[in-house]
Amino acid sequence: MGKDVIIACDFKNKEELLNFLKPFQGLNPFLKIGMEIFYKEGPQLVRELKEQGCKIFLDLKLHDIPNTVEKAMRNLSELGVEIVNCHAAGGIEMMKAARRGLDATEQGKKSELIAVTQLTSISQEKLEKELLIEKPLPEVVKTYALNAKAAGLQGVVCSPLEAPIIKELGLISVTPGIRFADGSKDDQVRIATPDYAKELGSTYIVVGRAITGATDPVAAYKRCVKEFC
């Protein structure tokens, strides 16, 4: 898969999501389905969206002991999503187990598995004071990415600012924290505009409120595609 814009569908239920998607008919956008709506609607929502022609990034950030993650990924593998993720903080063995779980089905073998490095809401100060990690943030992201690569994963979630590091490692980067130059930062710390993310080498950008909260979401989506792809 090449560069693409992924819409973060952080809605409280299926009704809200489907209403949002009505104007997108025929565009078949790439959608991020995260914990909020997945925990409400379950796997059937993903199946329905896939049937409608949408590509799916299933953003559940699995993080547990290897055995539990492997079994969970085996269940998710049947959905045949384009991208699914786990937390790199779980370690190499856990990430290997996640890949084994996905590979348990033919559909899952086609899914790209990526690992979350550090959330875009994490700053250097939080990294040191709250997580007790004293290394520079880019170094932490690079180490986590190297672990993901060693585990056989295809890429990582990181901020656009770390995308050049990931590109050098030969991995794909899925980068949240995307805002238009004239938009709000909200609760993100490490952010970039779509065109700057392109310059930095992001493979995919994840865009939420800049699209879902726009007066004209389709126009905002097309603006993102124009600036990034």
Verify the neighbour count for atom CZ of F38: are there more than 12 heavy atoms of other residues, nucleotides or ligands below 6.0 Å? yes

Partner of F30 under ring-ring contact (aromatic ring centres under 6.0 Å, His included), chosen from Y204, F24, F57: Y204

Set of residues satisfying salt bridge (charged side-chain N to carboxylate O under 4.0 Å, His left out) with respect to R223, sequence neighbours excluded: D182, E227

Any link between V207 and M35 through a network of hydrophobic side chains (Ile, Leu, Val, Met, Phe, Trp, Tyr) touching at under 4.5 Å? yes

Close side-chain approach of N75 and K71, heavy atoms under 4.5 Å: no

Check the hydrophobic clustering (I, L, V, M, F, W, Y; side-chain heavy atoms under 4.5 Å; chains of links allowed) and say if I205 and L27 are grouped together. yes

Evaluate side-chain contact (heavy atoms from CB on, under 4.5 Å) for V81 paired with I83, printing each intermediate quantity in order. CA-CA 6 Å; V81 298; I83 305 174; 6.0 Å; no

Can you tell me how far apart CD (E48) and CG (L18) are? Round to the nearest 0.5 Å. 7.0 Å

NZ/NE/NH1/NH2 to OD/OE distance under 4.0 Å, E70 and K96: no

A side-chain contact here means heavy atoms from C-beta on lying under 4.5 Å apart; do V157 and L119 qualify? no

No-hydrogen, no-angle side-chain donor-acceptor test under 3.5 Å, Q52 and R47: no

Close side-chain approach of L79 to K50, heavy-atom, < 4.5 Å: no

Answer yes or no: is there a side-chain heavy-atom contact under 4.5 Å between I211 and F20? yes

If you look at every heavy atom in A148 and G155, which pair is closest and at what distance? CB-O, 4.4 Å

Can you label the angle between the H63 ring and the H87 ring as parallel, tilted or perpendicular, going by 30° and 60°? tilted

In terms of side-chain geometry, is the basic nitrogen of R209 or D10 positioned less than 4.0 Å from the acidic oxygen of its partner? no

Distance check, rounded to the nearest 0.5 Å: N85 atom CG versus M95 atom CE? 12.0 Å

Looking at T212 and A8, what are the two nearest heavy atoms and their distance? CG2-O, 3.6 Å

Is it the case that atom CD in Q44 sees more than 12 heavy atoms from other parts of the structure closer than 6.0 Å? yes

Check whether any side-chain heavy atom of Y196 lies under 4.5 Å from a side-chain heavy atom of P160, and answer yes or no. no

Using 0.5 Å steps for rounding, measure from the SG atom of C224 to the NZ atom of K198. 13.0 Å

Taking L132 as the starting point, is it possible to reach V140 by hopping between hydrophobic residues whose side chains are less than 4.5 Å apart? no

Between C54 and L31, which heavy-atom pair has the shortest distance, and what is it? SG-CD1, 3.9 Å

Could you tell me which non-hydrogen atom of I178 sits nearest to which non-hydrogen atom of A210, and how far apart they are? O-CB, 4.4 Å

Point-to-point distance, once rounded to the nearest 0.5 Å, from CG of L131 to CD of Q118: 6.0 Å

Heavy-atom check, side chain of C86 versus side chain of V116, under 4.5 Å: no

NZ/K142: more than 12 non-hydrogen atoms of other groups inside 6.0 Å: no

Does E106 come within less than 4.0 Å of K109, counting only side-chain N to carboxylate O? yes

More than 12 heavy atoms of other residues, nucleotides or ligands under 6.0 Å from NZ of K167: yes or no? no

Between E125 and K129, does at least one N-O distance fall below 4.0 Å, as a salt bridge requires? yes

Listed by chain and number, what are the side chain to side chain contact (heavy atoms under 4.5 Å, CB included) partners of S77, not counting sequence neighbours? L102, T105

Between atom NZ of K14 and atom CD1 of I37, what is the distance when rounded to the nearest 0.5 Å? 9.5 Å

For the pair D4 and K55, find out whether any cationic side-chain nitrogen is under 4.0 Å from an anionic carboxylate oxygen. yes

